[in-house]
Amino acid sequence: MADERIAWGWGLASIDAAGKTLDVWYPELTLGAAPSEADRPNHNFGALVHEEADARGVRRVPVFTVSDLDAAPADAADAYLRLHLLSMRMAKPNTLNLEGIFGVLTNVVWTNYGPFAIEDFALRKIDVQAAAGKAFAGAPAPNVEVMLVDKMPRMVDYVVPTGVRIGNADRVRLGAYLSEGTTVMHEGFVNFNAGTLGVSMVEGRISQGVVVGNGSDIGGGASIMGTLSGGGKLRNSIGEHSLLGANAGIGISLGDNCVVEAGLYVTAGTKVTIWDKAKAAAGEPLEVVKGADLSGKDNILFIRNSVSGRIEARYRKTGIALNENLHKN
């Protein structure tokens, strides 16, 4: 096993009353062989560590994790390390073994007070609000606000990558990979093990396993079929300087300099007519292929002919250009 396929670091784990790991935060990670126990650096979590349960019923304890990135995640601490690696840009999507990751993660109530166990959330919420009321005597007790109930938290509560803008933090999961210059607008969504490989505009959905190349734009309401949304093990991607139009979608990959017009969904089985001006002028039949036959190819404009209704693929010479000022983050 090569050293570069190992990652290690100190994490701060939240452990509930039943002993389940709710989350682990890794401020820093290292690739390569892990040091011996005697040579490990200090974790430096200081007063953040508390072995006694707080009002949530949660203990926060340091954990030293060493992850074999080619093996499946061994436990929740290992899974959180891999999600951090992705969001820290230390590993690109689809380069880590994430098999069975949902099986080692706990479903959690994520709040403004941190993670809660689901099983006793209602009672623990009362305890937290009572403790907050004592801390702020004479003022209304701060409410416990639930942000989501899920196995994976928001990325920005653990990792904030440089050079990006995110309009709605709830829509970017921990494990998303966002390159410098990426702008995720308010309705954009980026799943774990997915993201952008360069400057990109994200107004639509980037599903698990999907990567978007430099200079490309995912339009508002657009979606890319991923491995968790009916794509099985097929990994779709979008190349460089391509546009997936508003409310459009793909179940195939786009190469470089491609455009899918607004509202058009192209899947692997979609019948696509290859536009040939010379054949059309001569009255010759045009070639019809499946969407899968065009997957990953460059310089294609996918449109729906507004007269015939057929889906056509036409040659496109150049790619799109993003507004540089919008991506100086």
Side-chain angles (χ1 to χ4, degrees), residues 3-16 20-54 56 58-69 73-93 95-98 101 104-106 108-116 147-148 150-166 169-170 172-180 182 184 190-196 329:
D3 287 348
E4 62 268 18
R5 297 299 297 172
I6 300 173
W8 58 271
W10 279 105
L12 186 61
S14 300
I15 311 296
D16 72 4
K20 293 184 295 184
T21 299
L22 301 180
D23 78 336
V24 185
W25 170 48
Y26 295 94
E28 183 179 9
L29 291 170
T30 302
L31 295 172
S36 66
E37 185 173 356
D39 294 329
R40 291 176 186 173
N42 294 325
H43 55 69
N44 295 321
F45 290 126
L48 295 177
V49 176
H50 51 86
E51 296 285 350
E52 297 297 322
D54 59 19
R56 296 173 298 155
V58 172
R59 297 180 295 114
R60 300 196 80 188
V61 298
V63 293
F64 187 81
T65 307
V66 179
S67 179
D68 174 1
L69 304 178
D75 52 27
D78 190 352
Y80 269 92
L81 185 149
R82 296 170 198 235
L83 295 175
H84 278 72
L85 282 178
L86 288 161
S87 290
M88 289 174 169
R89 304 179 186 140
M90 297 177 69
K92 291 185 177 179
T95 64
L96 305 178
N97 187 339
L98 301 175
I101 191 169
V104 299
L105 293 175
T106 300
V108 172
V109 182
W110 303 98
T111 79
N112 56 320
Y113 283 91
F116 283 69
M147 295 179 288
L148 63 157
D150 198 359
K151 290 194 171 187
M152 293 181 185
R154 310 186 313 171
M155 179 188 74
V156 298
D157 293 328
Y158 298 80
V159 179
V160 178
T162 59
V164 305
R165 287 194 291 136
I166 300 172
D170 292 343
V172 180
R173 265 176 152 182
L174 180 62
Y177 183 106
L178 301 181
S179 289
E180 291 262 356
T182 295
V184 183
V190 187
N191 211 335
F192 78 101
N193 193 39
T196 61
N329 301 331

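Note: hydrogens, waters and symmetry copies are ignored here, and every other heavy atom, side chains too, is used.
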#### Entry: Crowding at CH2, W25 (>12 non-hydrogen neighbours, <6.0 Å)
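At most 12 heavy atoms, drawn from other residues, nucleotides or ligands, come within 6.0 Å of this atom.
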
### Query
Just wondering, are more than 12 heavy atoms of other shown residues or ligands nearer than 6.0 Å to NZ in K151?
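Yes, enclosed.
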
What pair of heavy atoms forms the shortest contact from [X] to [Y], and how long is it?
| X | Y | result |
| --- | --- | --- |
| P41 | P35 | CD-CG, 4.3 Å |
| V58 | H50 | O-CE1, 3.1 Å |
| T182 | N329 | O-ND2, 3.0 Å |
| V24 | G11 | CG1-CA, 3.8 Å |
| L98 | F192 | CD1-CE1, 4.0 Å |
| N112 | M147 | N-CE, 3.9 Å |

[atom2] on [Y] to [atom1] on [X], rounded to 0.5 Å:
| X | Y | atom1 | atom2 | value |
| --- | --- | --- | --- | --- |
| L69 | T95 | CG | OG1 | 8.0 Å |
| T196 | L178 | OG1 | CG | 5.0 Å |
| I166 | R154 | CD1 | CZ | 9.5 Å |
| L12 | D23 | CG | CG | 8.0 Å |
| D16 | T106 | CG | OG1 | 7.0 Å |

### Message
Working note: V108 + M152, criterion side-chain contact (heavy atoms from CB on, under 4.5 Å); need CA distance, chi angles, decisive distance, verdict.
### Response
CA-CA 8 Å; V108 172; M152 293 181 185; over 6 Å; no

#### Entry: Pairing residues for V104 by the side chain to side chain contact (heavy atoms under 4.5 Å, CB included) criterion, not counting sequence neighbours
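V104: side chain to side chain contact (heavy atoms under 4.5 Å, CB included) contacts with P73, A79.
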
### Task
Say whether Y26 and T65, considering side chains only, have a donor N or O and an acceptor N or O under 3.5 Å apart.
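Per modelled atom types, Y26 and T65 side chains form a pair under 3.5 Å.
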
### Message
Could you check whether S67 and R82, counting side-chain N and O atoms only, form a donor-acceptor pair closer than 3.5 Å?
### Response
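Yes, S67 and R82 have a side-chain donor paired with an acceptor closer than 3.5 Å.
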
Tell me if a side-chain donor or acceptor on [X] pairs with a main-chain N or O of [Y] at a distance below 3.5 Å.
| X | Y | result |
| --- | --- | --- |
| S87 | M155 | no |
| D75 | D78 | yes |
| T21 | A76 | no |
| W8 | A33 | yes |

Is there side-chain contact between [X] and [Y], with heavy atoms separated by less than 4.5 Å?
| X | Y | result |
| --- | --- | --- |
| T111 | F116 | yes |
| R56 | P115 | yes |
| H84 | M90 | no |
| I15 | L22 | no |
| Y80 | P153 | yes |
| L83 | I101 | yes |
| L31 | I6 | no |
| V49 | R60 | no |

### Task
Would you please name every residue forming a ring pair (Phe, Tyr, Trp, His ring centres under 6.0 Å) with Y177, sequence neighbours left out?
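Scan of Y177 (ring pair (Phe, Tyr, Trp, His ring centres under 6.0 Å), adjacent residues dropped) gives none.
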
### Message
Check this for me: does any side-chain nitrogen of one of R173 and D150 sit under 4.0 Å from a carboxylate oxygen of the other?
### Response
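Between D150 and R173 there is a salt bridge, with a charged N closer than 4.0 Å to a carboxylate O.
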
### Task
Indicate yes or no: does R89 engage E180 in a salt bridge with an N to O separation below 4.0 Å.
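Yes, R89 and E180 are salt-bridged.
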
### Ring geometry between F45 and H43 (parallel below 30°, tilted from 30 to 60°, perpendicular above 60°)
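It falls in the parallel class, under 30°.
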
### Query
For the residue pair Y158 and W110, does the interplanar ring angle fall in the parallel (under 30°), tilted (30 to 60°) or perpendicular (over 60°) class?
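Ring orientation of Y158 relative to W110: perpendicular.
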
### Task
Starting from the C-alpha separation in whole Å, work towards a yes-or-no answer on side-chain contact (heavy atoms from CB on, under 4.5 Å) for L86 and L96.
CA-CA 9 Å; L86 288 161; L96 305 178; 4.0 Å; yes

### Query
So which pairs with a foot in residues 28-46 pass salt bridge (Lys or Arg N to Asp or Glu O under 4.0 Å), sequence neighbours left out?
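Qualifying pairs: none.
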
